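Here is the structure we will look at, set down as structure tokens.
Only a predicted model underlies this, so the values are computations on that prediction, with no experimental measurement involved.
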Amino acid sequence: MITRRFDYLAPGSADEAVAALAGNGETAVIGGGTWVVPEMTHGIRRPARVVDLRRAGLAGVEAGEAGLVVGATTTYTELASDPLVAERAPALAAMAAGVTGGAQVRNQGTIGGSACYATPSSDAPGALVGLGARMRIASSAGTRELDAADFFLGAFTCALAPGELLTAVVVPEAPNAVQGYYKHKLCESSWPIATACCSLELAADGTVASGRLAVGGVNAVPYLVDLSGLAGRRLGSEAAGEAAALAEQGATDPYTDVLASGGYRRQIAGVVAKRALLAAAGREGER
Amino acid sequence: LYARLSEGRGDPNPTEEGRAISVTEVPAGPYVGSRQRKLGGDLFLTGRAEFFNDLVLANTAHAAVLRSPHAHARIRAVDTTRAKAAPGVLAVLTGEEAQELANPIPFFIDPAVFGGRSSPYRCLAVDKVMFVGQPVAAIVAETANDAHAALDLVDVDYEVLTPVLDADAAMREGAPLLYEDWGTNVVIHIPFVEGDVDAALAGCDHVIEDEIAIHRMSTQPIEPRGNLAVWASDGSLTFHGSIQNPHPLRMHLSMSLGIPETKIRVVAPHIGGGLGLKMHGHAEETLVCVLARIVKRPVKWLEDRRETLLVGGIEQTHRFAIGFNADGKIVALRDRITANVGILTAAPGWGMAFLSALSFPTGYKIPSTDVSVDVVTTNKGIWNATRGYGKQGTNTALEHMVDLAAERLGMDKVEIRRRNLLERDELPYTTNSGLHIDSGDYHGALDKIVEWLDYDNLRAEQERLRAEGRYLGVGVIFELTPEAADIPGTMVGGFDTSAVKMDPQGNVTIATGITSPGSGNETGIAQIVADELGVPIEKIAVVQGDTAACPYGFGNYSGRSMVSGGNAAALAARDVAAKLRQTAAVMLEAGDADIQLAHDLASVVGAPEKAVPIPAIANAVYTLNFAIPGIAEAPLESSRVYKPDNIRHTPDEKGHIQPYPTYSFAVHAAVVEVDVETGKTEIKKLGVVHDCGTMINPTLIEGQMAGAMVMGIGNVMSEELKFDAEGRPLSTRFKAYLMPRAGDVPAIEMIHQVTPSPYTLLGNKGAGEAGVGGGMALLLAAVNDAIQPLGAKVTALPASPEHVLDAIREAQR
């Protein structure tokens with residue numbers, strides 16, 4: 001149970017939310033609260049102030065110039081059911097639909113909340129890096145944008161400075177891309193152990209023009225795998241296997257927690273990468 | 001006279017003559033064997049059933065427990081000054097203070113009864129803590145929030161000692177000692193030896209020596225524990241709790257609190273799962289009573305899931321040698337079991353290790369066996385009973401050994417079982433450890449599962465898929481589950497009591513000493529009584545879980561409820577039925593004719609038109625006892641005990657006793673596919689042939705079997721209590737202790753076989769524990785079958801993806 005009193009603020013706009021961050025003591029910002037509230041329940045975290053973004057108008061998906069603008073408090077359910085996301089960022093939709101915890105968690109959890117919480121055992125960070133998302137950050141000084149790849153600094157650590165708030169993630173549109181998402185978890189109730197998310201631009205002849213793939217959950221932060229070797233080739237088991245080898249090499253400092261050792265995560269880094277690529281090629285289930 | 005009465009009272013089935021003889025519109029029996037719906041099931045399904053936390057008493061204060069952050073430490077001092085000053089706090093209790101207010105908690109099963117070591121267990125630690133989570137102090141406050149918030153304000157000065165977490169390490173010379181006066185960390189060494197195993201092993205064609213390590217796991221009922229103590233002004237105590245054994249707990253509260261049992265009432269409401277966790281001997285039972293005495297108000301304590309997850313069980317390593325000949329006959333088995341029970345509490349957990357050794361070699365005919373267990377204390381938390389009560393360790397280890405033998409011989413894994421399992425006509429059979437197996441048809445069950453699996457084609461398909469790089473695994477295992485125990489000198493009782501009472505309107509109340517953990521035994525008992533009395537089940541109410549309302553009983557454990565309480569209810573109902581028949585014969589002027597009871601009517605056998613409604617008989621017994629000579633004496637009540645046969649506590653010439661009256665068994669089958677790149681197992685098909693003798697209600701039995709199998713599967717696949725190097729628990733929530741969800745387990749094909757017990761009244765055997773050991777043994781067998789062509793096998797559970805992949809990589813090295 002949450003035994004400590006705290007101030008609860010529910011700002012009505014992004015500006016109000018930024019203003020609410022100021023003050024003494026720890027501030028916990030929540031989207032759906034699916035990460036922070038259990039920590040408060042367990043006494044692991046005892047913030048002086050909880051800023052709940054639900055009323056800040058930061059939910060929703062719209063098409064912007066730089067891509068899909070996904071509000072920070074957009075829930076997984078909204079992502080999974082949004083037609084724009086399904087059309088233009090299918091890997092993001094696939095990721096959201098598969099978030100562990102059932103409908104209750106998917107209705108509650110938000111893409112921005114998971115990004116800021118930055119746990120390696122989450123789907124969101126790896127997916128955002130894999131899709132090349134830009135993180136839109138507000139503060140009293142204005143707004144800035146950061147590559148998702150630069151946003152995640154360590155387990156449970158992101159690049160938000162004090163007084164900063166993630167307001168949206170901007171997912172670049174890739175009209176000629178195919179995307180794939182693959183998650184490995186131990187069983188239904190398990191958090192992700194390793195994930196891979198990729199987006200590949202295809203040439204007119206169906207060969208790979210360029211591509212991007214991130215492995216999540218393996219190291220403390222998601223990492224990109226160099227796919228330049230795929231250029232000009234069709235995506236099959238052989239090409240995917242080569243990328244898998246590179247993905248495994250990228251597991252330089254694998255993460256250990258109660259669910260899996262770093263050694264295990266390293267062993268499956270290549271497997272999830274290969275399966276995400278094969279999923280992008282419409283060849284799910286191939287090994 | 002009767003006819004007028006029955007007209008006046010609106011008989012349910014009147015005819016022109018006022019006589020009720022129509023039988024077509026009343027519910028049809030017999031109930032025993034039918035798929036009767038759970039009584040009150042609608043309340044559970046719609047969330048209206050009331051559980052412990054639904055009980056709200058005025059003026060209740062709330063308790064929170066301060067727990068040790070160290071696995072092993074001396075308590076130098078406890079300062080409660082700050083906590084006492086915290087908002088809402090009514091009282092703070094330390095171990096020093098508690099030992100003045102309460103005696104040690106009596107053991108559910110004291111190891112000293114068996115010649116082992118024992119140590120007083122108190123509700124709060126006094127000088128020393130021995131596991132992370134051990135209660136050190138308690139706070140009572142106006143609200144649960146206030147109580148929990150003040151926990152941080154109790155200042156405890158610890159001298160941290162070196163913990164010992166591993167059982168082997170704890171047995172080594174010079175290991176840190178938990179109970180210093182013992183001079184050892186071993187509670188007891190229990191051997192079961194039959195024949196000259198060394199000589200037998202030396203004479204075998206093949207001997208496999210290996211080990212299988214079963215990890216620490218837990219039972220996690222959806223509803224955690226909770227206790228509420230209420231003292232009345234006359235010094236009597238009412239204890240409400242989510243508990244399995246009201247009467248035995250009453251005795252233990254009496255002894256720890258120093259008041260007679262006559263002053264204590266224990267009430268258990270509906271329970272959201274028991275699974276052994278809610279057998280008593282926990283610190284918090286005595287503790288809340290002491291706290292309520294101090295603050296002179298009702299005190300409630302509700303367990304947090306982190307606290308539930310402190311209670312483990314099963315962890316045991318088997319170091320074995322199994323000897324067998326080229327024909328597949330197993331001739332010798334040696335197994336040295338080391339069980340890590342954590343610290344010794346008053347709860348019955350440690351006894352599971354005893355049962356793990358006793359239950360060898362299940363239903364296999366192995367001439368020479370030498371099985372022993374060392375029960376070892378460590379600083380790795382505590383145990384309580386977990387459904388299966390140690391027998392899952394036996395089944396898991398032994399089935400693994402049998403599969404190893406088959407693999408060595410290149411023999412089919414079903415065939416090796418056929419060659420070693422007892423034949424039907426060899427039963428009853430006394431095992432090497434003195435267990436007396438009642439009845440069974442193990443080969444019949446094997447045949448049924450083989451047919452369901454389409455076994456030969458399945459093996460061919462497995463071969464074909466291997467060529468494609470897909471690794472299907474087939475597991476077929478045998479499970480024996482001794483159930484309904486009576487352990488002498490303990491509160492594990494094999495008998496129980498049920499009272500059947502028919503009121504003047506013909507409705508029936510059954511009050512019984514067995515309790516229901518949600519399993520539906522109340523429905524089974526009502527079915528038995530409905531048949532015996534010939535009344536519709538809708539007219540029956542069952543009262544359980546209240547020492548003030550129920551006859552003495554031992555509650556729920558060991559698959560005992562229908563064996564003891566169910567058969568006791570049958571006996572009691574027969575007494576009442578005899579009174580109904582006697583009275584009916586008088587009312588029908590039927591002389592010595594046989595009277596049958598069915599459809600709420602008593603009728604003359606062979607002359608169904610001569611009938612009288614049972615409510616009218618009941619009414620006559622209560623209101624016309626002086627008016628009609630020869631009718632039965634009121635009340636229509638009987639309370640009877642049922643003691644199953646086949647329990648023997650006089651040691652035989654080898655010193656063995658026979659504590660289990662019934663031996664349910666099952667043959668389980670699984671088809672899995674192992675993803676050899678990730679080590680993850682997908683269960684594709686599950687089936688079981690289960691035989692628990694006479695079935696009272698197949699639906700309830702299937703529910704128990706499904707729950708038990710899934711529990712066993714979860715135990716092997718993903719559930720594990722993990723600790724860091726200092727003994728701090730890491731599995732503190734359901735995102736770290738992974739229980740199976742619906743998507744992890746396919747539908748289970750249930751195939752029944754019925755081999756009645758010759759030793760119980762209705763021929764029924766225990767149902768409820770069987771399946772846990774089966775599920776565990778099954779998944780291990782299936783996973784190892786899948787990866788066998790890679791030269792890999794899992795020998796340290798759980799068979800998690802990581803362990804499976806490790807095994808594959810190890811084999812490839």
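In this structure, the separation between CG on B/Leu805 and CD on A/Gln267 is 4.5 Å, given to the nearest 0.5 Å. The CD atom of A/Glu188 lies 11.0 Å from the OG atom of B/Ser718; values are rounded to the nearest 0.5 Å. The distance from atom NE2 of A/His184 to atom CD of B/Glu677, rounded to the nearest 0.5 Å, is 11.0 Å.
Around atom CD of B/Glu468, more than 12 heavy atoms belonging to other residues, nucleotides or ligands sit under 6.0 Å away. Heavy-atom contacts from other residues, nucleotides or ligands closer than 6.0 Å to NZ of B/Lys793 number 12 or fewer.
Heavy atoms of B/Arg305 lying under 4.5 Å from chain A are absent altogether. With a 4.5 angstrom heavy-atom cutoff, B/Ala144 touches chain A via backbone and side-chain atoms both. Only the side chain of A/Arg46 has a heavy atom closer than 4.5 Å to any heavy atom of chain B. Interface remark: B/Met717 contributes no atoms to any contact with chain A (heavy atom separation under 4.5 Å). Both the backbone and the side chain of A/Val258 come within contact range of chain B, each with at least one heavy atom under 4.5 Å from a heavy atom of that chain.
A salt bridge is defined here as a Lys NZ or Arg NE, NH1 or NH2 lying under 4.0 Å from an Asp or Glu carboxylate O, and A/Asp257 with B/Lys735 fails to meet this definition.
Heavy-atom pairs under 4.5 Å with chain A peak, among B/Arg733, B/Lys722, B/Met739, at B/Arg733. Note: B/Asp152 leads B/Thr732, B/Asp146, B/Asp152, B/Asp304 in heavy-atom pairs under 4.5 Å with chain A. Between chain B and the options A/Gly102, A/Cys187, A/Ser121, heavy-atom pairs under 4.5 Å are most frequent for A/Cys187. Heavy-atom pairs under 4.5 Å with chain B were tallied for A/Ile268, A/Leu259, A/Ile2, A/Val272; the largest tally goes to A/Leu259. Of all the listed residues (B/Thr678, B/Leu151, B/Asp724), the one sharing the greatest number of non-hydrogen pairs under 4.5 Å with chain A is B/Thr678.
B/Lys680 approaches A/Leu186 most closely through the heavy-atom pair CE-O, 3.7 Å. Considering every non-hydrogen atom in both A/Ala260 and B/Glu802, the closest pair reads CA-OE1, 3.4 Å. Counting all heavy atoms, side chain and backbone alike, B/Leu738 lies closest to A/Ser190 at CD1-CB, 3.8 Å.
Using a 4.5 Å heavy-atom cutoff, the side chains of A/Tyr264 and B/Pro801 are in contact.
Within residues 24-42 of chain A, the residues having any heavy atom under 4.5 Å from a heavy atom of chain B are, by residue number, A/Pro38, A/Thr41, A/His42.
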